[in-house]
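For reference, the structure is listed below as C-alpha cells.
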Amino acid sequence: MVELVKIMNFYLTTPIYYSNDAPHLGHLSTTIFADIIVRYHRLIGDNTLFLTGVDEHGEKIALTAEKAGKDPQTFVDEMAIRWQKYWKSLNVQNDIFMRTSDPRHKKIAQELLVKIKEKGDIYQGVYKGMYCTGCEEFKSERELVNGTCPEHRPDQISYREETNYFFKLSKYTPLVKKMLEDGQIDLIPAGKKKEILSRLNDDITDLSVSREKVSWGITLPWDKSQTIYVWVEALMNYYSATKIYDKESFWPASVHFLGKGNNWFHSVIWPALLLSCELPLPKRIFVHGYYNVEGVKMSKSLGNVISPDDLVGKFGVDGTRYLMCASEPYFEDFSVSKKWFDEVYNNDLANGLGNLVSRVSKMASELNISHKSDNDFNAVLEKYLDIKKGFEEYNLLSVVEKVRELITATNEKLNKDEPWKLKGKEKEKSLKQAIDKILEISLILTPVMPATAKNIMDAFCREKITATKPLFVRLVS
Ligand code: MSP
C-alpha cells in the first residue's frame, strides 16, 4: 500500500515594516529569525509561504517623503527597492514582498472595511487625545510616561481632535479574550499572552479606523474625506496578500511573527477585525522581545542603532545570521553590544565551528579519505529531538546551545583520540567519526547559515577531501 504523507501548509508573516528609513537591527532580527523558521519548515517538507514587506502609508511616511523633497509614492517606490534588495543580500527567501500602496491591496482593504460597516460595526465619532506618529497610534494616558511615548521622541506625540469613524472593538474583545484563553488563538510565549489578557480586563475603548487629516492613505470607500487608519489596512495585508498572489489556500496564517510593541494590534485588534469580517483567524501569534543596546531599546528615533551593514561588513551574511540566532530575544529582551557580537563570533564561529572544520579537513587531506553521508535534515532531527523541539518552538537559542555542545564534544573526542598520533585505519576511523559529527552540525545549521552549511558538506562529501580555507576569520582587537 502506498503511504500517503500529508503535506502541511505553513504560512509565516513578519510585520510589514515602516519604510521611512533603512532596516535596523530589530527588523533584521525578526526577519532572519522568521527566515530560519520558514527554511526549517521547507526542509521538513511543509508547503511554505513566507511574507515580509513594507507599511507605506500614514503620517510618518508622508512627513519623511516631504522632508526628502519627494512625493510619497516616489519615495516609497524607492524605499521598497532598497528593502527588497536588502533582504535578498541576507539570503532571506521570502515568497511575497508586500507593499500597502499596491492598488490590489487598496481594493481588498476597502472591501473589508465595507464588510465591517455592513455588519453594523462602524459608527462616527470624535477622537480627542494624544497621537504618537512613531507608533502611528492613539495613546491613552495610561500608556504615556511623563506625558510622552516611552518608545519614541517627545516631539512625535501631540494632542489631536478629529471626527472619524470607529470600529466596535469592545463588541469583539470578550470573544477574542476567550479564544486567547482557550488557545484557539495560540499566543506565545506565555508571558506575552498574560500581558494581553491582563490588558483585556480593563475597559476597552473602540478603535478609530479612519483619519480625517491624513491624505497619504487608502480612501475610505463611503467617505472620501477620510483615509483608512494605517494600522487597520496594514494588518489586512496578511490576508490581502493571499488573494493578490493566488495563495488563498494558505489563509489563515500559521503564525504571525512580531516584536512585543506590536502585540496588542496583532493579538486583539486583528482578530476582532477578522471576526467582524467573518474570516478565519490566524492560528498562532509569536511575540518576541526587543533588542536592547546595553539596556536601552534600539530604535531609529532614539538614535542608538547598531547598523546591520556594520554587522554584515564585519561578520559576513552567514555570520550575521548566526549572531541573530544566538541573540534571539525569545522570552525576554536581549541586550547586545558591539563587543558582545565580536565575542560570540570569535568563540562560536572562528574558534568553534571554523577551527573544527579546518583542523579535521587538514588532517583528512593528508590521508586519502573519501566520504559520503547518508544523513538528511530529518534523520538528524530524529536523532537530536531537543533541536527539533527548539525549531518547532522558535527557541533558536536552545538550538545554538546544542550546536555549541556538539562542537565542544567533537573537539574533546579529537583531543582524546589524538588522530595526529595515529596511523592507517585507526587514524581514518577517528577522522571519519569527526567528519560525521561535522556533517550533522552543518545539516542542523542549514536553516541558519545555508551557504556555510553547503560549503562544509561540499568540502567533506567528496572523493578526496582537501584542506578548507578558514570559514570565519578570527577578529583581533
Ligand atoms: N508598520 C508596523 C507594523 C505593521 S504590521 C501589520 C510597524 N513597523 S516597524 O517598522 O516599527 O517595525 C516593528 C517591528 O520591528 C517589530 O514588530 C519587530 O518585529 C521589529 N523591531 C523593531 N524594533 C525592535 C527591536 N528593538 N528589537 C527587536 N525587534 C524590533 O510597527
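Here the structure is a predicted model, which is why all the values come from computation and not from measurement. One-based numbering, in listed order, for ligands and for the atoms of each. Numbering starts at 1 and runs along the sequence shown.
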- Task: Give yes or no for whether the N/O distance cutoff of 3.5 Å, strictly under, is met between L235 and ligand 1.
- Result: no
- Query: According to the interplanar angle, ranging from 0 to 90°, do the rings of H24 and H27 count as parallel (below 30°), tilted (30 to 60°) or perpendicular (above 60°)?
  - Reply: parallel
- Query: Quick check: does H266 get an N/O under 3.5 Å from an N/O on ligand 1?
  - Reply: no
- Which bit of W231 is near ligand 1, meaning a heavy atom under 4.0 Å away: side chain, backbone, both or neither? side chain
- Item | Parallel, tilted or perpendicular, as decided by the 30° and 60° cut-offs, for the rings of Y127 and F166 | parallel
- Sub-3.5 Å N/O-N/O distance, N262 and ligand 1: yes
- Task: Could you check whether the rings of F265 and Y229 sit parallel, tilted or perpendicular, using 30° and 60° as the cut-offs?
- Result: tilted
- Query: Can an N or O of I16 be found at a distance shorter than 3.5 Å from an N or O of ligand 1?
  - Reply: yes
- Note on the structure: Test side chain to side chain contact (heavy atoms under 4.5 Å, CB included), reference L51, set V38, L12, I16, output is I16
- Message: For R160, run the salt bridge (Lys or Arg N to Asp or Glu O under 4.0 Å) check against E212, E59, E137 and tell me which one passes.
- Response: E59
- Message: List ligand 1 atoms under 4.0 Å from H288, heavy atoms only on the residue side.
- Response: 19 (O), 28 (C), 29 (N)
- Counting heavy atoms under 4.0 Å, the part of H24 that contacts ligand 1 is side chain
Name each donor-acceptor pair under 3.5 Å that joins a side chain in residues 194-205 to protein atoms two or more places apart or in another chain, with its distance.
residue, atom, partner, partner atom, Å
N201, OD1, K177, NZ, 3.2
D202, OD2, R142, NH1, 2.7

- Relative to ligand 1, is Y238 under 4.0 angstrom through side chain, backbone, both or neither, heavy atoms considered? side chain
- Between T30 and ligand 1, does any nitrogen or oxygen pair lie at a separation below 3.5 Å? yes
- Query: What is the distance from atom CG of L274 to atom CH2 of W251, rounded to the nearest 0.5 Å?
  - Reply: 5.5 Å
- Message: Looking only at distances, can you tell me whether any N or O atom of S29, backbone or side chain, sits closer than 3.5 Å to an N or O atom of ligand 1?
- Response: no
- Item | Aromatic plane relationship, Y345 with F472 - under 30° parallel, 30 to 60° tilted, over 60° perpendicular | perpendicular
- Message: Evaluate H27 for polar contact with ligand 1, using N/O atom pairs at a separation under 3.5 Å.
- Response: yes
- Under 3.5 Å between some N or O of ligand 1 and some N or O of Y18? yes
